[in-house]
Novice: 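Below are the structure tokens for one structure; questions will follow.
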Amino acid sequence: MNKHQRVKKNEDFQQVFKKGKSFANRQFVIYSLRKEGQEEFRIGISVSKKIGNAVTRNRIKRYVRQAVHELKDELRPDMDYIIIARHQAAAFDFHTSKKSLIHVMRIAKVLRKK
């Protein structure tokens with residue numbers, strides 16, 4: 001993911017939280033907000049300190065980034081996404097995390113149909 005594909009500023013995060021829709025499963029929560037005229041999607045990832053130490057949190061973020069990278073052609077480009085990891089995400093390997101992320105994205109209807 002390039003720098004222009006990231007949600008970094010607090011005000012952008014807050015806008016997605018307030019105006020966007022949320023969808024969840026046991027491992028992840030996704031907030032999505034449609035942005036008119038935006039050519040590429042943007043992703044923000046949040047992993048709380050309650051989930052584990054820095055190694056665990058960074059591993060979860062790495063898994064989420066890689067899963068999003070593999071799904072980038074299927075994601076709607078006119079959206080901002082905030083992905084929040086829940087406590088159970090710490091116990092998963094990459095493939096299980098990706099499967100769980102795909103599940104919650106299908107619930108949110110942000111994946112294009114193949």
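Treat the numbers as computed from the prediction; the structure is a model and nothing was measured. Both backbone and side-chain heavy atoms feed into the values below; hydrogens, waters and symmetry mates do not.
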Novice: Is it the case that one hydrophobic cluster holds both Phe41 and Phe13, taking links as side-chain heavy atoms less than 4.5 Å apart, direct or via other members?
Specialist: no
Novice: Specify the closest pair of heavy atoms between Val104 and Phe28, including all atoms of both residues, with the distance to one decimal.
Specialist: CG2-O, 4.0 Å
Novice: Could you measure the distance from the CZ atom of Arg59 to the CD1 atom of Ile51? Nearest 0.5 Å is fine.
Specialist: 11.0 Å
Novice: Checking Ile102 against Glu74 for the side chain to side chain contact (heavy atoms under 4.5 Å, CB included) test, could you report, in this order, the C-alpha distance in whole Å, the side-chain angles of both residues, the deciding distance, and whether it holds?
Specialist: CA-CA 10 Å; Ile102 289 171; Glu74 296 177 45; over 6 Å; no
Novice: Treat each ILVMFWY residue as a node, draw an edge where side-chain heavy atoms are under 4.5 Å apart, and state whether Leu111 and Ile83 are in one component.
Specialist: yes
Novice: Tyr31, Leu33: one ILVMFWY side-chain cluster at the under-4.5 Å cut-off?
Specialist: yes
Novice: Is it true that atom CD of Gln14 has more than 12 heavy atoms of other residues, nucleotides or ligands lying nearer than 6.0 Å?
Specialist: yes
Novice: What heavy-atom pair brings Tyr63 and Phe94 nearest, and what distance separates the two atoms?
Specialist: O-CE1, 3.5 Å
Novice: I need the minimum non-hydrogen distance between Arg26 and Gln88, along with the two atoms involved.
Specialist: CB-OE1, 3.2 Å
Novice: Ignoring hydrogens, what is the shortest heavy-atom contact between Tyr81 and Ile30? Give both atom names and the distance.
Specialist: CD2-CG2, 4.4 Å
Novice: Identify the heavy atoms of Ser48 and Arg57 that sit nearest to each other, and give their distance.
Specialist: O-CD, 3.3 Å
Novice: Does the side chain of Arg65 reach to within under 4.5 Å of the side chain of Ile43, using non-hydrogen atoms?
Specialist: no
Novice: Quick check on the hydrophobic clustering: are Ile82 and Met105 connected, directly or via other members, by side-chain heavy-atom contacts under 4.5 Å?
Specialist: no
Novice: Between the side chains of Glu11 and Gln15, does any donor sit under 3.5 Å from an acceptor?
Specialist: no
Novice: Under the criterion side-chain hydrogen bond (donor to acceptor under 3.5 Å, both in side chains), which of Lys19, Gln38, Arg34 is the partner of Asp80?
Specialist: Gln38
Novice: So do His95 and Lys98 actually touch side chain to side chain, heavy atoms under 4.5 Å?
Specialist: no
Novice: Determine, using the 4.5 Å side-chain heavy-atom cutoff (strictly less than), whether Val29 and Ile60 are members of one ILVMFWY cluster.
Specialist: no
Novice: Could you pull out the closest heavy-atom pair between Gln27 and Ala89, with the gap in Å?
Specialist: O-CB, 3.8 Å
Novice: Hey, could you give me the CG/OG distance between Asp78 and Ser32, rounded to the nearest 0.5 Å?
Specialist: 10.0 Å
